[in-house]
K.L.:
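Here it is: the structure, laid out below.
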There are 2 protein chains.
Amino acid sequence: MGLEERRKRERDNRRNAILKAARKLFFERGFKPVTVDSIAKKAELSKGSIYLYFNSKEEIYTQILLGDIDKFHEHFSDLLTDSPSASEALLRFAGIYVDLFLSDRELFRILMTFMLHTSDMNLPEELNSHIIKATNRNISIVEDIFRYGIERGEFPAAVNLRLNRNAIWGLLNGIISLHLFTGGESKRAEVIQSTLRLGLDIYIRGLKTCDRPR
Amino acid sequence: MGLEERRKRERDNRRNAILKAARKLFFERGFKPVTVDSIAKKAELSKGSIYLYFNSKEEIYTQILLGDIDKFHEHFSDLLTDSPSASEALLRFAGIYVDLFLSDRELFRILMTFMLHTSDMNLPEELNSHIIKATNRNISIVEDIFRYGIERGEFPAAVNLRLNRNAIWGLLNGIISLHLFTGGESKRAEVIQSTLRLGLDIYIRGLKTCDRPR
DNA sequence: TGAACAGCGGTCATTATATGACTGCTGGTC
DNA sequence: GACCAGCAGTCATATAATGACCGCTGTTCA
């Protein structure tokens, strides 16, 4: 404890207050409708002060995203060691993935939107690559599952890790997007889950019967 | 919650941090040996900032005192209604008074010192009168006890409230001072308590036999 | 179709707050 | 009584916060 520490602490606190306020607003209303003034008001600061801590509205948004992506990753840390097979791991992964997004409603929309608009919101390169890296870390969980499957002879050795990883990732997000967009609220969770289960079952069955690279 | 509120909150917090730090130091070392720099360091502020919140070292000291005096008063709120007689109330008052000071060692010394040196430490008039008033509120508890005694016929109607109040207050502080100054630590509490009990018993007996104003 | 305007992100001159080197006083030492 | 150490309190400088303002963009309406 000392003078310098106190000042750092207070800077951090203020920064966090901004993130917390912004998070709430972004999750309530999305990106565009949230004004910097409204963030400032909720954080009990002036707009000018916001810009002492962040360079742009996009950067705030992105920082929030980064935190969420990291938190996201934690949910899957024990997945491989806990699952009896790669197929099972994949199904579990999908289950958790969907639950996560259904419990934190806006998160999915936000992450997807970011994927779709990264290049628009010209962020500092540093930050941009950080996000990409964090996202890749999550995507690569799927790759790990496939690798695990190959190692234990569950999937053919010829399976292309990257391609299949991307396919599954796309499958997941595509199905979720579709059902968030269409279908009613009431049975959404079950519908998505069962759709995914079906899709994955088939995909896995297909994979197992591969004999040449794909 | 809003911007103005937040700023007030933060100002209050900082002010309290100073008081808290100063209190600890004053109670550890007394008044003189505590430098403003040491308060600043403990409060994780610069010396200059201290003077943004207080006008002098004395004022800090005094503010702490004010808080303590107020807290002090709370201990006696139910005294009269809980006691079967004025004599008993007086004895209880003395008992609590002594216990309080023995449990919070430096407080007594500090309060006494203040009484002795108020005029030296030229405080803002406002503050000074506030302290006097707070102190009087405590002293007047004794007066209340006497008044109660007269009302229920326990003491003669002719008893002079103010004079006797001051006498008792002096008796209390004098005896405590004496024993803090001389006598050993070990049996101090009992010695003080029994001395006071004796003194008060005699005083009360004397009072009851009065028949002309005194 | 283009003039007027509203609403926003971002800027910056002004204001508020914090800092610590400095000053002058005081009490102690030799 | 000359020196000095140590302190309360000051103030020029540095840091942080503020909100009026600017320019751009998308919308309304004659």
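Numbers restart at 1 for each chain; the letters A, B, ... are given by sequence-line order, proteins then strands.
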K.L.:
When you list every nucleotide of DNA chain C with an atom under 4.0 Å from a heavy atom of chain B, which one comes first 5' to 3', and which comes last?
P.N.:
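Taking any atom under 4.0 Å from a heavy atom of chain B, the span is C:dA16 to C:dG20.
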K.L.:
Does NZ or CZ of A:Arg23 come closer than 6.0 Å to the centre of the six-membered ring of A:Phe27, within 45° of the ring's axis?
P.N.:
yes
K.L.:
Under 4.0 Å: is that the gap between some side-chain N or O of A:Arg14 and OP1 or OP2 of D:dA17?
P.N.:
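Yes.
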K.L.:
What's the CG-P distance between B:Leu45 and D:dT15, to the nearest Å?
P.N.:
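Roughly 17 Å, once rounded to whole Å.
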K.L.:
Mind checking ring-ring contact (aromatic ring centres under 6.0 Å, His included) for A:Phe72 and listing every partner two or more places apart, or none if nothing turns up?
P.N.:
A:Phe76, A:Tyr97, A:Phe101
K.L.:
State which residues pass ring-ring contact (aromatic ring centres under 6.0 Å, His included) with B:Tyr53; sequence neighbours excluded, sorted by chain then number.
P.N.:
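Applying ring-ring contact (aromatic ring centres under 6.0 Å, His included) to B:Tyr53 gives none.
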K.L.:
Taking atom P of D:dA14 as reference, at what distance in whole Å does atom CD of A:Glu4 sit?
P.N.:
16 Å
K.L.:
Please tabulate the protein-to-nucleotide N/O contacts below 3.5 Å involving nucleotides 4-8 of chain D, giving atom names and distances.
P.N.:
| residue | atom | partner | partner atom | Å |
| --- | --- | --- | --- | --- |
| D:dA8 | OP1 | B:Val34 | O | 3.3 |
| D:dA8 | OP1 | B:Val36 | N | 3.4 |
| D:dA8 | OP1 | B:Lys57 | NZ | 2.9 |
| D:dA8 | OP2 | B:Val36 | N | 2.9 |
| D:dA8 | N7 | B:Lys47 | NZ | 3.1 |

K.L.:
Applying side chain to side chain donor-acceptor pair (under 3.5 Å), name anything that partners A:Ser194, two or more places apart in sequence or on another chain.
P.N.:
none
K.L.:
From CZ of B:Phe54 over to P of D:dG9, roughly how many Å is that when rounded to an integer?
P.N.:
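After rounding, the gap between these two atoms is 13 Å.
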K.L.:
Could you list the residues that satisfy ring-ring contact (aromatic ring centres under 6.0 Å, His included) with A:Phe54, not counting sequence neighbours?
P.N.:
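So A:Phe54 forms no ring-ring contact (aromatic ring centres under 6.0 Å, His included) with any residue.
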K.L.:
For B:Asp70, check salt bridge (Lys or Arg N to Asp or Glu O under 4.0 Å) against everything at least two apart and list the hits.
P.N.:
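If we apply the salt bridge (Lys or Arg N to Asp or Glu O under 4.0 Å) test to B:Asp70, skipping adjacent residues, the hits are B:Arg137.
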K.L.:
In whole Å, I'd like the distance from the CZ atom of B:Arg7 to the P atom of D:dA16.
P.N.:
14 Å
K.L.:
If the condition is salt bridge (Lys or Arg N to Asp or Glu O under 4.0 Å), which residues does B:Lys133 pass it with, not counting sequence neighbours?
P.N.:
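Counting only residues at least two positions away or on another chain, B:Lys133 forms no salt bridge (Lys or Arg N to Asp or Glu O under 4.0 Å).
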K.L.:
List in chain and number order the residues that pass side chain to side chain donor-acceptor pair (under 3.5 Å) with B:Asn136, two or more places apart in sequence or in another chain; answer none if no residue qualifies.
P.N.:
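Result, side chain to side chain donor-acceptor pair (under 3.5 Å) vs B:Asn136: none returned.
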K.L.:
Quick one: B:Leu3 CG to D:dG19 C1', roughly how many Å, whole number?
P.N.:
10 Å
